[in-house]
Structures are given as C-alpha cells and as structure tokens.
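Have a look at the structure below, then the notes.
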Amino acid sequence: MAPDPRLRALLGDWTGTEELFPTAWTDAGSARGALSIEPGPDGILIDYVEARDGAEGAPLVAHAVIAGEGFWWFDTYGFTPAAPGTAVWEDDALVLDRRSDRGRTVTRLRVQGDRLLLELDTAVPADAEPAPLVRGTYARQAEQS
C-alpha cells in the first residue's frame with residue numbers, strides 16, 4: 001500500500017473528460033482520459049491514456065512513478081527523463097513538477113468527493129510563467145470482481 005495515507009485516496013481506476021488548451025503544437029479541444037493509480041514502492045504508479053476527441057491515430061499513453069519526493073514520467077512522445085521531478089503535497093493536492101530542456105510541467109492531482117481533479121500547466125522555457133494545458137475531471141470506476 002502507498003506509504004503516505006494521502007496517496008491512498010488517489011488509488012483506483014478513474015475515467016473522465018478533459019479540456020485541452022491551445023499550445024504552439026496543438027489546438028484547443030477535448031479528450032477522454034483514463035488513469036489507473038496503484039500502490040508502488042514508497043509511493044504510487046500511474047498509467048494514463050488520453051484519447052483526443054475527433055483525432056485519428058494512437059492516443060497518448062503514459063506511465064508515472066512517484067516514489068518518496070521523486071517523480072518520473074514516461075510517455076509515447078518518447079522523451080526519457082534526464083532527472084526526476086518532484087512530488088510534494090500543497091494543501092490537499094499532490095503537485096508533480098518536472099523540468100527539462102524542453103520546458104516545465106506542473107500537475108496537480110486532488111480528490112474532491114467522488115471525483116479526481118487534474119490540472120496540468122506547462123511553461124516553455126522552463127522559467128516562463130506556467131499556462132493551462134489540461135483540466136480533467138474523472139469519476140472513480142467500480143472495482144471489478
């Protein structure tokens with residue numbers, strides 16, 4: 001089980017809708033997202049899939065490892081993390097912050113009632129002011145027996 005009791009609230013399978021904000025590389029839009037969050041060594045493991053509405057081709061697939069105060073992200077875009085990001089709690093939100101030569105992303109995960117809320121902001125370059133990239137609201141899926 002995840003060692004930090006606050007992480008336990010995140011565990012489970014979640015599906016929902018996402019609002020996607022425009023960037024230099026993509027247009028604004030919407031997507032369906034799914035997260036599977038399981039206990040991991042000294043933290044949690046996240047599997048994530050995002051299927052953009054109206055888009056053809058493969059969805060974005062990602063895996064995250066949160067261990068202690070470290071955070072690693074691997075996705076189908078193919079960039080391997082050169083260094084871990086950070087995983088810290090700010091009030092009731094788990095904040096995942098990672099930086100690279102390509103920029104910075106800051107993800108906030110929080111459980112609110114029966115919903116998981118995700119806020120993902122990005123900054124290019126890394127020291128720029130972060131701007132919204134994704135806002136997601138997900139419902140916990142019933143456990144299958």
Side-chain angles (χ1 to χ4, degrees), residues 1-53 55 58-143:
M1 180 56 72
D4 187 319
R6 295 173 292 185
L7 293 174
R8 288 190 191 111
L10 300 171
L11 300 177
D13 294 321
W14 305 86
T15 61
T17 58
E18 299 176 342
E19 177 183 7
L20 309 174
F21 292 79
T23 70
W25 305 277
T26 61
D27 295 328
S30 59
R32 297 281 308 157
L35 297 96
S36 177
I37 305 175
E38 300 179 4
D42 194 31
I44 57 175
L45 306 172
I46 301 174
D47 288 325
Y48 171 76
V49 177
E50 176 191 272
R52 191 176 179 104
D53 293 341
L60 169 67
V61 177
H63 306 284
V65 177
I66 294 113
E69 292 185 358
F71 165 56
W72 295 262
W73 178 266
F74 307 90
D75 62 36
T76 50
Y77 292 149
F79 298 111
T80 302
T86 59
V88 297
W89 287 95
E90 291 179 5
D91 298 321
D92 64 344
L94 178 61
V95 180
L96 308 173
D97 192 333
R98 64 189 175 104
R99 296 169 183 260
S100 73
D101 293 341
R102 293 175 309 284
R104 176 182 179 207
T105 62
V106 179
T107 303
R108 288 175 183 76
L109 294 169
R110 92 175 25 92
V111 174
Q112 191 171 67
D114 61 350
R115 299 281 185 233
L116 175 67
L117 306 178
L118 176 143
E119 298 174 352
L120 171 59
D121 296 337
T122 188
V124 178
D127 59 352
E129 186 67 28
L133 181 62
V134 177
R135 295 294 183 265
T137 303
Y138 313 88
R140 187 185 305 271
Q141 301 305 293
E143 289 187 34

Quiz prompt | Step-by-step side chain to side chain contact (heavy atoms under 4.5 Å, CB included) determination, Thr105 to Leu133 | solution = CA-CA 9 Å; Thr105 62; Leu133 181 62; 5.5 Å; no
Quiz item: Checking side chain to side chain contact (heavy atoms under 4.5 Å, CB included) for the pair Leu10/Ile44: CA distance, chi angles, key distance, verdict?
Solution: CA-CA 9 Å; Leu10 300 171; Ile44 57 175; 4.1 Å; yes
Self-check item: side chain to side chain contact (heavy atoms under 4.5 Å, CB included) assessment of Arg6 paired with Trp89
Solution: CA-CA 9 Å; Arg6 295 173 292 185; Trp89 287 95; 3.0 Å; yes
Quiz item: Passes side chain to side chain contact (heavy atoms under 4.5 Å, CB included), Thr86 versus Leu96? Steps please.
Solution: CA-CA 6 Å; Thr86 59; Leu96 308 173; over 6 Å; no
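The distance from the CG atom of Leu60 to the CG atom of Asp75 is 5.5 Å, given to the nearest 0.5 Å. Atoms CG and CG, on Asp13 and Asp47 in that order, are 9.5 Å from each other to the nearest 0.5 Å. The distance from atom CG of Leu118 to atom CD of Glu19, rounded to the nearest 0.5 Å, is 12.0 Å. Taken to the nearest 0.5 Å, the OH atom of Tyr48 stands 6.5 Å off from the CH2 atom of Trp73. Distance check: Tyr138 OH to Leu35 CG gives 5.5 Å after rounding to the nearest 0.5 Å. To the nearest 0.5 Å, atom CZ of residue Arg99 and atom CG of residue Asp101 are 12.5 Å apart.
The backbone N or O of Ala93 lies less than 3.5 Å from no partner atom in the side chain of Asp91, so there is not a single donor-acceptor pair. Panel note: side chain Arg52, backbone Leu20; no donor-acceptor pair is recorded below 3.5 Å. Panel note: side chain Thr76, backbone Val61; a donor-acceptor pair is recorded below 3.5 Å. Remark: the backbone N or O of Leu120 is paired with a side-chain donor or acceptor of Arg135 at under 3.5 angstrom.
Heavy-atom minimum distance, Ala87 versus Gly70: CB-O, 3.9 Å. The shortest non-hydrogen separation linking Ala123 to Ala128 is CB-O, 3.3 Å. For Asp53 against Ser30, the heavy-atom pair with the smallest separation is OD2-OG, 2.6 Å.
Counting heavy atoms from C-beta on, the side chains of His63 and Ile46 never come closer than 4.5 Å. No side-chain heavy atom of Arg98 sits under 4.5 Å from any side-chain heavy atom of Thr107. A heavy-atom distance below 4.5 Å is not found between the side chains of Pro22 and Asp27. Between Arg32 and Glu50, every side-chain heavy-atom pair lies at or beyond the 4.5 Å cut-off. A heavy-atom distance below 4.5 Å is not found between the side chains of Val65 and Phe71.
No donor-acceptor contact under 3.5 angstrom links the side chains of Thr137 and Arg115, judged on distance only. Looking at Thr15 and Gln141, their side chains do bring a donor and an acceptor atom within 3.5 Å of each other.
The only member of Asp127, Asp121, Asp97, Thr122 that meets side-chain hydrogen bond (donor to acceptor under 3.5 Å, both in side chains) when paired with Arg104 is Asp97.
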